[in-house]
Amino acid sequence: MKTAVVIPARYASSRFPGKPLYLINNKPLILHVVNKVSKCKNIDCMAVATDDKRIYDVVKKAGCNVFMTPKNLKSGTDRVAYVAKKYLSKYDAFINVQGDEPLIDIKLVEKMSEEFKKDKKLEYLTAAYKMKPSDDIANPNTVKVIFDKNMYALYFSRYPIPFVRDEKNRNKISYYKHIGVYGYTKKFVCEFTKSKQTPLEISESLEQLRALEQGKKIKVIISKKDFHDVNVLEDINKVKKYL
């Protein structure tokens with residue numbers, strides 16, 4: 001089971017145009033991610049997938065594998081599938097680390113790779129972090145996930161799930177933040193990106209719900225660390241503190 005990490009990086013972000021090339025401590029954001037992931041063990045390949053020549057040139061100059069993808073691809077998952085088919089067809093599993101995750105926990109990436117080597121039936125997995133009572137559970141930008149006793153996802157939502165009907169039971173409930181790092185087999189990701197969007201996916205704007213509606217299983221790995229991604233310019237200062 002050969003595993004590749006693909007880092008999708010798009011220049012034309014609606015909330016933060018040019019985000020991958022924004023300098024943090026005099027280094028482009030995308031290179032912070034690349035340098036972090038390059039330290040992972042048990043990974044057979046790492047590459048950036050981008051639709052922009054400026055990002056391509058920066059990553060290439062840094063000595064990392066980088067591939068151009070069409071501009072009309074809708075998501076990072078589509079870029080992973082494109083690279084899997086066109087450039088990295090000899091690899092069996094792909095881990096999607098977003099290009100705006102400079103604080104990514106390399107132990108988590110390594111664990112995801114190990115899961116594919118242990119479980120030959122595994123098709124799709126992601127990660128979650130147990131939220132603290134002080135965390136903003138109601139924030140719709142923080143996606144929550146619930147899972148069964150075997151660690152397979154039941155549902156993802158921008159709404160706090162589960163809903164606590166009786167307040168006296170609130171202390172018995174734990175909330176889990178979904179971490180947007182994904183792993184898929186080559187067959188799964190290539191087939192998934194050909195499928196149509198589903199009602200729940202459109203409603204919540206969460207593509208993993210498409211897989212659940214299709215009857216697929218999503219394994220959830222618990223991360224010991226939470227980490228901040230970069231969605232808007234204001235997130236840069238938060239990331240600088242951790243770096």
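As the structure is a prediction and not an experimental result, all values here were calculated from the model.
Remark: Glu167 engages Arg170 in a salt bridge (charged side-chain N to carboxylate O under 4.0 Å, His left out) (not counting sequence neighbours). For Arg158, the salt bridge (charged side-chain N to carboxylate O under 4.0 Å, His left out) test picks out no residue, with sequence neighbours left out. With sequence neighbours left out, the side chain to side chain donor-acceptor pair (under 3.5 Å) criterion links Lys117 to no other residue. Not counting sequence neighbours, the partners of Lys219 by the salt bridge (charged side-chain N to carboxylate O under 4.0 Å, His left out) test are Glu115.
Linking Ile, Leu, Val, Met, Phe, Trp and Tyr whenever their side-chain heavy atoms come within less than 4.5 Å puts Ile43 and Val97 in one cluster.
Among all heavy-atom pairs drawn from Ala93 and Met1, the shortest one is CB-SD, 4.0 Å. The two atoms that bring Leu154 and Leu212 nearest to each other are O-CD1, 3.7 Å, heavy atoms only. Of all heavy-atom pairs spanning Asn96 and Thr77, the tightest one is ND2-N, 3.8 Å. Between Gly99 and Ile7, the shortest heavy-atom distance links the atoms CA-CG2, 3.6 Å. Between Ala127 and Val220 the shortest heavy-atom distance is C-CG1, 4.3 Å. Minimum heavy-atom separation, Asn139 to Asn141: OD1-N, 2.9 Å.
Contact annotation: the side chain of Val48 approaches that of Val34 to within less than 4.5 Å [non-hydrogen atoms, C-beta and beyond].
A donor-acceptor contact shorter than 3.5 Å is absent between the side chain of Lys144 and the backbone of Phe156. Listed for the Tyr175 side chain is a donor-acceptor partner under 3.5 Å among the backbone atoms of Pro162. Glu204 places no side-chain N or O within 3.5 Å of a backbone atom of Glu201 that could act as its donor or acceptor partner. Listed for the Thr193 side chain is a donor-acceptor partner under 3.5 Å among the backbone atoms of Cys190.
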With a 3.5 Å cut-off and sequence neighbours excluded, list the donor-acceptor pairs that the side chains of residues 65-73 form with protein atoms.
| unit_1 | atom_1 | unit_2 | atom_2 | d |
| --- | --- | --- | --- | --- |
| Asn65 | ND2 | Met46 | O | 3.2 |
| Thr69 | OG1 | Thr50 | O | 3.3 |
| Thr69 | OG1 | Arg79 | NH1 | 2.9 |
| Lys71 | NZ | Asp51 | O | 2.8 |

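Pairs passing the salt bridge (charged side-chain N to carboxylate O under 4.0 Å, His left out) check and including a residue from residues 227-243, sequence neighbours excluded, read Asp235-Lys238. Counting only residues at least two apart or on different chains, the side-chain hydrogen bond (donor to acceptor under 3.5 Å, both in side chains) pairs with a member in residues 125-138 are Thr126-His178, Tyr129-Lys132. Every pair passing side-chain hydrogen bond (donor to acceptor under 3.5 Å, both in side chains) that includes a residue from residues 55-64 is listed here, sequence neighbours excluded: Lys53-Asp57. Sequence neighbours left out, not one pair with a member in residues 80-93 passes side-chain hydrogen bond (donor to acceptor under 3.5 Å, both in side chains). The stretch residues 184-223 participates, sequence neighbours left out, in these ring-ring contact (aromatic ring centres under 6.0 Å, His included) pairs: Tyr124-Tyr184, Tyr124-Phe188, Phe188-Phe192. For residues 206-243, the pairs satisfying ring-ring contact (aromatic ring centres under 6.0 Å, His included) are His228-Tyr242, with sequence neighbours left out. Sorted by first and then second residue, the ring-ring contact (aromatic ring centres under 6.0 Å, His included) pairs with a member in residues 3-43 read Phe16-Tyr22; sequence neighbours excluded.
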Pair Arg54-Asp52, salt bridge (Lys or Arg N to Asp or Glu O under 4.0 Å): steps then yes or no: CA-CA 5 Å; Arg54 289 163 289 187; Asp52 191 272; 2.8 Å; yes
Candidate pair Lys177 and Asp226, rule side chain to side chain contact (heavy atoms under 4.5 Å, CB included), full reasoning: CA-CA 9 Å; Lys177 170 186 175 180; Asp226 187 15; 2.8 Å; yes
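Crowding of Lys196 atom NZ: a count of heavy atoms from other residues, nucleotides or ligands under 6.0 Å not exceeding 12. Within a 6.0 Å radius of NZ in Lys2, other residues, nucleotides and ligands contribute more than 12 heavy atoms.
Put simply, the residue from Val58, Leu29, Leu31 that forms a side chain to side chain contact (heavy atoms under 4.5 Å, CB included) with Leu21 is Val58.
A donor-acceptor contact closer than 3.5 angstrom is absent between the side chains of Ser38 and Asn35. With 3.5 Å as the limit, one finds no donor-acceptor pair spanning the side chains of Gln214 and Thr198.
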